[in-house]
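Basis for what follows: all heavy atoms, side chains included, without hydrogens, waters or symmetry-related copies. Sequence lines set the chain letters: A, B, ... in the order given, protein chains first and strands last, and positions in each chain run from 1.
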Amino acid sequence: MTRQRFFIIDAFAHIFRAFYAVKNIDHNAVFGFTMMLRKLLASEDPEFIAVAFDTSAPTFRKELYPEYKANRDAMPESLVPQIPIIKELIEAFNIPMVEAPGFEADDIIGTLAKRAAEKNVQAVIVSGDKDMLQLVQGDDIVMFDSKKGVEYLGESGIPDFFGCKPDQIIDLLTIWGDSSDNVPGVRGVGEKGAKKLLAEYGNLDEIYKNLDQIKQKRYREGFADARDRIELTRTLVTIRTDLELAFDEDTYRRKEPQNDDLRALYERLNFKTLMEQVPITLRRCETEYELLDNEERLKAWLDEIKEKAFVVFDIETTSLNPVDAQLVGMALALDADKAAYVPLRHEGQDPAWTERAETMLKSMMTDQNVTKCAHNAKYDISVLFNKGWEILGRIEDTMLMSYLINPNDSRHGMDDLAEQHLHYRTIHFEEVAGTGKDQVTFDKVPLDKACQYAAEDADITFQLYDKLYPQLKDLELVSVYNVVERPLIPVLARMENAGVRVNSDYLTDMSARMEDMIQGLEKEIYELAGEEFNLKSTKQLGEILFEKLGLSPVKKTTKTKSYSTDQSVLEALAAKGHEVPAKMLDYRMVTKLKSTYVDALPDMINATTGRVHSSFNQFVAATGRLSSNNPNLQNIPIRTEMGRDIRAAFIPREGWVMVAADYSQIELRLMAHFSKDETLVGAFRQGEDIHRRTAGEIMGVVPDLVTDDMRRAAKSINFGLIYGMGDFRLAQELGIPRKKAREYIETYFEKMPKVLSFRDEVIAKAREAGEVRTYFGRHRQLPELQSRNKNMQNQGERLAVNTLIQGTAAEIIKLAMIHLDEALSQSDLHASMLLQVHDELVLECPSEEAERVGALLQETMENVVHFEVPLVAEVHTGHNWKETK
DNA sequence: CCAACGACGTAC
DNA sequence: GACGTACGTCGTTGGT
């Protein structure tokens with residue numbers, strides 16, 4: 001086993017180095033010092049450690065020699081306030097700091113090193129100062145330059161620096177003097193001379209004894225001249241090793257950092273990346289929660305809930321999928337650390353109890369006057385809706401709060417939030433239910449474990465509510481929470497529960513036909529390529545195309561720098577008449593449609609309901625859009641004929657029809673509203689074809705003379721506008737020279753100047769606030785605008801504009817959904833909302849209601865808000881989704 | 001053997 | 001480097 005090591009760090013040497021090395025940030029020396037320290041701790045993992053500081057008190061050297069260090073400049077102004085922070089930092093790292101008034105850090109280091117070596121601990125001096133080499137002693141005391149990393153400097157390395165033996169260093173330094181410390185040496189004797197004389201005579205005393213033998217007059221005179229002060233110089237350059245300092249193992253043993261203090265410090269200093277790397281000391285559950293397994297205790301709780309008109313709840317079930325989930329139990333919380341669990345269907349429970357307890361819980365959950373709070377309430381109420389419980393009263397959701405507070409974050413799960421906000425490690429589901437093959441459903445979990453797990457979740461949800469709601473208020477997000485997001489929860493729950501009917505036979509038939517096409521294409525491509533390969537491997541395809549067939553590569557992939565074979569590349573190659581890329585385009589389309597949709601959808605049909613129940617996620621998109629998964633029903637094909645046919649597989653229930661409506665050009669209309677540009681506003685008010693009108697403006701012709709190509713170009717510009725497209729991309733898209741694309745964009749802004757000034761204003765405001773706000777008050781932080789990287793900043797600018805437009809459009813359709821849900825429930829209609837695809841709502845209803853539902857749908861969508869330009873929703877009815885166009 | 005990642009492609 | 005928001009499939013890679 002190697003010896004234990006004691007790292008002694010020269011504080012100011014590293015502070016100055018950090019100060020000059022790190023640029024462009026506040027607290028640069030603190031940052032640089034922190035990085036050095038972290039690196040050292042991580043890579044060297046020392047057993048003992050200390051940081052040595054100089055003090056401002058006059059040192060014995062100054063007393064002996066008033067000119068000592070008199071030539072030093074004052075500490076740079078911006079460094080001065082960083083020193084106490086660095087001391088705080090070292091304290092947070094739990095590393096002892098050593099000061100010795102009257103002495104310098106070097107003397108502390110010298111003394112501690114010697115003491116440690118005496119106790120058979122290797123002393124490692126962390127410093128770049130070569131003067132320190134006088135302290136080096138065999139393997140007992142070595143030097144370590146943190147800048148160079150792992151390089152140790154022991155006795156054997158010394159000749160490389162000084163060209164002399166270790167015990168000659170002090171005399172060598174004496175002869176040289178130290179100009180940076182204002183210590184005079186022997187005048188006229190330089191590096192070469194000093195080394196030569198020491199090699200010849202052994203040490204300084206011998207040199208003086210034999211002074212008259214020295215041939216060079218210059219040297220003789222120099223030494224004679226320095227004779228009176230040479231001892232003083234020797235004292236000044238000699239590092240002391242005799243301070244009253246002991247090497248005490250307990251004092252200098254490395255300890256765990258005070259991570260909470262470190263975090264607080266990093267937070268204060270805005271060291272974000274460092275902060276993320278500090279492990280949080282997490283609290284664990286210490287509360288014993290109440291098991292409510294008899295009527296009296298349950299009643300006592302329900303009475304208190306009724307009185308407070310508030311409860312946090314969390315249900316436990318047998319499945320993450322609400323359609324399949326059986327209610328196993330319900331946890332309740334009324335205060336921090338005050339939570340309980342009601343077991344309902346654990347194995348072996350009395351069905352009579354289940355019924356009595358459910359009746360009591362249902363009456364509470366359907367009580368209009370009780371506010372209910374849950375984490376991801378959509379799941380809980382979906383399950384309860386499926387049991388026929390009409391959940392009433394206000395519903396709060398801590399997951400929703402977290403999302404609104406930081407929509408850029410992807411982690412809003414309770415376990416994550418508990419760690420983040422409460423420094424608390426929750427019992428994870430896997431810990432009570434097992435993992436992988438061994439995982440059991442919650443009804444098999446023993447009651448005591450189930451109680452602690454479930455009640456803790458309710459408890460934590462309560463504590464998160466306490467923490468997050470005030471933040472929601474401070475950030476002025478309560479309005480968007482109450483008006484848009486919170487009321488949407490039950491709407492989405494109903495939509496997911498409804499699901500959509502899918503014609504499985506139709507897809508099976510389609511799949512077989514596609515398989516034939518794929519086989520044919522495969523064969524053709526193999527023949528053209530002269531060999532068989534995996535057509536689905538971009539790597540293999542790239543090698544075939546660009547190595548074997550010798551086609552010239554168009555571009556490389558971003559990360560792996562391999563040949564790109566994406567659609568645009570294949571199209572470019574196909575346009576030159578190459579057959580393999582042309583066939584590959586067909587192959588790609590058919591296999592994509594088949595594997596992603598045609599084959600996947602029938603597998604997603606729920607066995608119980610016979611329908612597909614996609615999730616509509618409210619917490620994913622940073623702009624406020626919904627997202628859909630399992631399956632994603634928001635990217636069902638429409639653009640190609642073959643793709644569009646897939647939509648015919650989505651059918652209404654027997655005797656019903658599909659009714660769908662989509663907003664026409666909602667994002668461009670928002671652009672018109674926000675910018676108030678007369679041309680854009682006018683065009684929408686007149687009900688003109690917006691792309692035709694734009695083309696007319698840009699190309700300078702009357703709308704009637706706009707060709708299809710001109711309209712296509714204008715359409716690209718209109719969409720690009722919303723995304724912040726540049727001339728490069730537009731040129732690529734339209735196949736025109738970049739210069740021409742640039743002209744188009746310039747003319748666009750000349751003709752519609754207010755669109756440009758709107759853009760500039762949004763960006764300026766976002767830069768000022770560090771975030772962008774949508775019409776209904778949702779925010780999105782834009783750290784990109786703070787970046788020193790120009791590309792990042794440009795991206796931040798695009799995000800600002802796009803988030804305002806896309807986010808507001810998302811809010812409008814969310815409101816339409818809320819209003820429609822309300823209107824339908826107030827009516828005698830039987831329609832249900834099935835899908836939302838960003839600007840489109842799809843419903844099903846009995847055939848005879850189609851007209852009324854369509855009218856209600858249109859009316860609702862068009863009147864969510866009244867803006868500068870009308871919102872237009874186009875309604876279509878059909879026997880399947882494909883027909884609703 | 002599986003998880004993470006990259007490339008690609010579908011939607012608005 | 002150049003256009004925003006998502007999700008799913010497949011192949012590859014790299015660690016267990």
Side-chain angles (χ1 to χ4, degrees), chain A residues 407-408 410 436 533-542 555-570 584-585 587-601 603-604 614-617 619-640 642-644 646-647 662-668 716-733 738 741-742 745 772 780 784 789-807 809-810 813 835-840:
Chain A
N408 285 324
S410 57
F533 63 100
N534 186 349
L535 300 185
K536 296 190 176 87
S537 163
T538 51
K539 190 163 168 271
Q540 291 180 37
L541 176 63
K555 63 177 177 182
K556 294 286 176 80
T557 55
T558 43
K559 292 276 158 65
T560 58
K561 307 283 175 215
S562 48
Y563 303 117
S564 172
T565 65
D566 71 16
Q567 199 163 42
S568 68
V569 171
L570 296 179
M584 273 307 300
L585 285 166
Y587 176 85
R588 284 250 177 99
M589 179 180 73
V590 184
T591 52
K592 172 82 176 179
L593 295 175
K594 182 170 182 288
S595 66
T596 309
Y597 306 102
V598 179
D599 289 346
L601 280 169
D603 292 342
M604 306 296 288
S614 161
S615 300
F616 288 93
N617 202 319
F619 316 117
V620 173
T623 53
R625 271 190 178 183
L626 295 178
S627 81
S628 156
N629 68 357
N630 298 314
N632 181 357
L633 295 183
Q634 291 182 322
N635 70 347
I636 303 299
I638 194 166
R639 288 170 195 177
T640 61
M642 190 188 290
R644 195 154 52 239
I646 295 169
R647 294 195 168 211
D662 66 299
Y663 279 115
S664 159
Q665 309 292 356
I666 187 167
E667 295 189 342
L668 276 178
S716 288
I717 296 175
N718 277 330
F719 281 116
L721 180 70
I722 296 159
Y723 304 140
M725 181 167 57
D727 53 7
F728 180 87
R729 179 66 185 254
L730 182 64
Q732 210 176 21
E733 191 149 304
R738 189 169 165 179
R742 169 139 212 90
I745 294 172
V772 59
R780 178 185 186 177
E784 293 86 353
N789 179 324
K790 192 73 192 149
N791 290 324
M792 292 290 282
Q793 275 191 38
N794 288 336
Q795 198 194 351
E797 294 176 358
R798 294 193 296 270
L799 291 179
V801 178
N802 183 256
T803 300
L804 172 58
I805 302 287
Q806 191 181 108
I813 195 165
L835 307 173
Q836 188 254 44
V837 193
H838 309 307
D839 66 355
E840 176 186 17

Quiz item: Going by heavy atoms closer than 4.0 Å, what residues in residues 619-636 of chain A are next to DNA chain B?
Solution: A:Arg625, A:Gln634, A:Asn635, A:Ile636
Practice problem: Output all residues satisfying ring-ring contact (aromatic ring centres under 6.0 Å, His included) with A:Phe719, sequence neighbours left out; order by chain, then residue number. | Solution: A:His691
Practice problem: Mind calculating the distance between CD (A:Gln567) and P (B:dA11) to the nearest angstrom? | Solution: 10 Å
Quiz prompt | Axis bend over the full length of the helix from B:dC1-C:dG15 to B:dC12-C:dG4, computed from five pairs that close each end, to 10 degrees | solution = 0°
Exercise. Nearest whole angstrom, please: distance from the C1' of C:dT9 to the NZ of A:Lys536.
Key: 10 Å
Quiz item: Who passes side chain to side chain contact (heavy atoms under 4.5 Å, CB included) against A:Arg647, sequence neighbours left out?
Solution: A:Ile636, A:Ile638, A:Glu840, A:Trp881, A:Lys882
Quiz item: So, is A:Arg639 near the phosphate of B:dT10, with a side-chain N or O under 4.0 Å from OP1 or OP2?
Solution: no
Practice problem: Could you give the distance separating C:dG1 and B:dG9 at their C1' atoms, to the nearest angstrom? | Solution: 23 Å
Practice problem: Send over the distance from A:Tyr587 OH to B:dC8 C1', rounded to a whole Å. | Solution: 13 Å
Quiz item: So, for A:Gly724 and A:Arg798, which heavy atoms are closest and what is the spacing to 0.1 Å?
Solution: O-CD, 3.2 Å
Quiz item: With A:Leu804, which residues qualify under side chain to side chain contact (heavy atoms under 4.5 Å, CB included), at least two apart?
Solution: A:Phe674, A:Phe758, A:Val762, A:Val772, A:Thr808
Quiz item: Rounding to a whole Å, what distance do you find between A:Gln732:CD and C:dA2:C1'?
Solution: 9 Å
Exercise. Using only side-chain N and O atoms of A:Gln540, determine if any of them is under 4.0 Å from OP1 or OP2 of C:dT12.
Key: yes
Practice problem: Applying salt bridge (Lys or Arg N to Asp or Glu O under 4.0 Å), name anything that partners A:Arg625, two or more places apart in sequence or on another chain. | Solution: A:Glu667
Exercise. Under the ring-ring contact (aromatic ring centres under 6.0 Å, His included) rule, collect the residues that match up with A:Tyr563, sequence neighbours excluded.
Key: A:Phe546
Exercise. Using salt bridge (Lys or Arg N to Asp or Glu O under 4.0 Å) as the criterion, list what pairs up with A:Arg742, not counting sequence neighbours.
Key: A:Asp727, A:Glu746
Self-check item: Donor-acceptor under 3.5 Å (A:Glu784 side chain, A:Glu797 main chain)
Solution: no
Exercise. Assign a letter to each nucleotide of nucleotides 1-7 of chain B from its 5' end: B, base within under 4.0 Å of a protein heavy atom; S, sugar-phosphate only; -, no contact.
Key: -----SS
Quiz item: Between C:dT9, B:dC12, C:dA2, which one does the side chain of A:Arg738 approach most closely?
Solution: C:dA2
Quiz prompt | A:Gln806, nearest nucleotide to its side chain (from C:dC3, B:dT10, C:dG4) | solution = C:dG4
Self-check item: Main-chain N/O of A:Lys536 paired with A:Tyr587 side-chain donor or acceptor, under 3.5 Å
Solution: no
Practice problem: Grab the CD-P distance between A:Glu784 and C:dG4 for me, whole Å please. | Solution: 10 Å
Quiz item: Of A:Asn794 and A:Thr803, whose nearest nucleotide on DNA chain C comes first from the 5' end?
Solution: A:Asn794
Practice problem: Take atom CG of A:Leu799 and atom C1' of C:dA6, then tell me their distance rounded to the nearest Å. | Solution: 14 Å
Exercise. Return the value, rounded to whole Å, for the distance between atom CG of A:Leu535 and atom P of B:dC8.
Key: 15 Å
Practice problem: Using salt bridge (Lys or Arg N to Asp or Glu O under 4.0 Å) as the criterion, list what pairs up with A:Lys555, not counting sequence neighbours. | Solution: A:Asp566
Practice problem: Measure from the side chain of A:Tyr597, starting at C-beta and using heavy atoms only, and say which of B:dC12, C:dT5, B:dT10 lies closest. | Solution: B:dT10
Quiz item: So does A:Glu733 reach the base of C:dC3 with its side chain, donor to acceptor, closer than 3.5 Å?
Solution: yes
Quiz item: For the pair made of CG in A:Leu585 and C1' in B:dT10, what is the distance, rounded to whole Å?
Solution: 15 Å
Self-check item: Of residues 588-596 of chain A, the positions that come close to DNA chain B - non-hydrogen atoms, cut-off under 4.0 Å
Solution: A:Arg588, A:Lys592
Quiz item: Under 3.5 Å, is there a donor-acceptor pair between the side chain of A:Thr557 and the main chain of A:Ser562?
Solution: yes
Self-check item: With A:Lys594 via side chain to side chain donor-acceptor pair (under 3.5 Å) - residues at least two apart
Solution: A:Glu515, A:Asp599
Quiz item: Any sub-3.5 Å donor-acceptor pair from A:Ser614's side-chain atoms to A:Pro631's backbone N or O?
Solution: yes
Quiz item: Quick check: does any side chain N or O of A:Thr596 sit under 3.5 Å from a backbone N or O of A:Leu593, one acting as donor and the other as acceptor?
Solution: no
Quiz item: Stepwise, does the side chain to side chain contact (heavy atoms under 4.5 Å, CB included) test hold for A:His838 with A:Ile813?
Solution: CA-CA 7 Å; A:His838 309 307; A:Ile813 195 165; over 6 Å; no
